Amino acid sequence: MPVSQRRRIPRLIGSLLLVATAGVGCGEATADSGSADGKAAAAEPEVRPLGRIVPVPASVTPEGEPYTLTRATRIGIDESSRESRAVGRYLAGLLRPATGFPLHIVDEDAARGGIRLRLDPDDTGLGDEGYRLRSGPDGVTLTARAPAGLFRGVQTLRQQLPSAVERRSVQEGPWKIAGGTITDTPRYAYRGAMLDVARHFFTVDEVKRFIDQLALYKINTLHLHLSDDQGWRIAVDSWPRLTTHGGSTEVGGGPGGFYTKEEYKEIVRYAASRYQEVIPEIDVPGHTFAALSSYAELNCDGVAPPLYTGVKVGLSSLCVPKDVTYDFVDDVIREIAALTPGRYVHIGGDEAHSTSHDDYVTFMDKVQPLVAKYGKTVAGWHQLTGTKPAEGALVQYWGHDRTPAAEKERVAAAARNGAGLVLSPADRSYLDMKYTKDTKLGLAWAGTVEVQRSYDWNPATYLPGAPEEAVLGIEAPLWTETLATTADLDVMTFPRLPGLAELGWSPADTHDWDTYKLRLAEQSFRFDALGIDYYRSPQVPWPGE
Ligand code: ACM
């Protein structure tokens, strides 16, 4: 059947759907989706109702007729802003392959009738990442106070278009964006994901693919877990065996790998082009077999252990009493801080079961000031609250329902004392937890985490006794003990990541599983177009089911 015929029936269904939902949610946040019977449509609507995207925008006012992208559409930018031009080029790069349109980038004034990206530094209500999108037959205008806001708005614009726009070959239109106004700002300033490149190594291109997936859902922080027992993944000139030896394997004994400084900088640059801040993590004093195996002097007994390719934790520790340990950590933090424009260096600190409590406290008291010495702020897993967290430290909570109340309270107390909290509850936000006991990949030590469970919690009230203002946001960690390929990463990340991104971005009063699951179901068209393999959770009414 020719493409045009195959698509005609679904389009009709789409139009009916549009009529059925038109007028819902005027003037306020809307999470309306799908059809009256609670099922997602079998095919995408020709015009996606305004705001029916993930994360759901803060304010949506549908109005008037849609905008139609054509061969004549131009992208208008602020010629005086290099970043505005870069966002314009990024947008054109997204839309050109599937539309086949030239989408010339011109000065804003010359883009009448097109898509205009407008910077308005006086629009302070939009904050650092907010944007306003106005769409109608006469054009689309995206306004932001800062370039990051333009970039987030571009993700909204992209999701309003049919998913076929994500394909990299010319597709049939039409390319319509529903009419009306979206005004949108994030709930939390920190919306992160973590990739463990230590247990299994992932190449620069594979990390870029992950960054692009995060960008689609307005994630703004990429935490890279760069060292662990099974591998050291970042070049440190003053300690070269960390990578030549310590980077030479991974879980299961594969060849591992590492990033040269240039490669790491390329990841940082690429993330920055997607308005994501990279937080490098060097996990100390535990999780350090790769370093201990590379340099005998880092071991208390002066004997280098073999490289470790298993998946147990808590077996390794740097030697706390030795001075060379702090020369080592100083060099590593200095070199990594110099490569990293972001604010934080993450020093791990989790599962130091082979370090005594007194040694742990001694170690953290000596190491935290090294982060400040090189101009960065400490980030660490929440065990850091067993010591005195440095001024302004970012504490990443990874407990779960069965975490002892005393441990939770210790973290809450640190938050009351000024630590910033990033919430990564393992039984909600860990992307490597199995969905069900039958999930092939992943781990289950924190329980199984189905899609609804990962979405249905409130960061503001999650940790008892922690002040709401201390919660900077959320992060979804992806540990890779069992994940070796991008297909593995995809199927654990999707479809949980979009829901976690929505928790971080969308206002609390939009939170609603029943409407979210319909919007999520529709994201499957986009996953398919992007070649993303995902878990077809029975909790989600996927199209055609
Ligand atoms: C962790 O999952 N060990 C932070």
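Each residue takes its place number in the sequence, starting with 1. From a predicted model like this one, the values you see are computed outputs, not experimental measurements. For the numbers below, each heavy atom of this structure counts, side chains included, while hydrogens, waters and symmetry mates do not. Counting convention: from 1, in listed order, for ligands and their atoms alike.
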Matching residue for Y259 among F202, Y264, F201, W232 - test: ring-ring contact (aromatic ring centres under 6.0 Å, His included): F201
Aromatic ring pairing Y326/F363, orientation class (parallel under 30°, perpendicular over 60°, tilted between): tilted
H225 and E281: side chain donor to acceptor below 3.5 Å: yes
Close-contact set for ligand 1 against E351 heavy atoms, below 4.0 Å: 3 (N)
Subset of ligand 1 atoms that lie under 4.0 Å from at least one heavy atom of W398: 1 (C), 2 (O), 3 (N), 4 (C)
Sub-4.5 Å side-chain heavy-atom contact between L242 and Y295: yes
Geometric N/O contact Y430 with ligand 1, under 3.5 angstrom: yes
Y275 side chain to E83 side chain, donor-acceptor N/O pair below 3.5 angstrom: yes
Contact (N/O only, under 3.5 Å) between D350 and ligand 1: yes
Element-labelled atoms of ligand 1 that are located less than 4.0 Å from some non-hydrogen atom of W479: 1 (C), 2 (O), 4 (C)
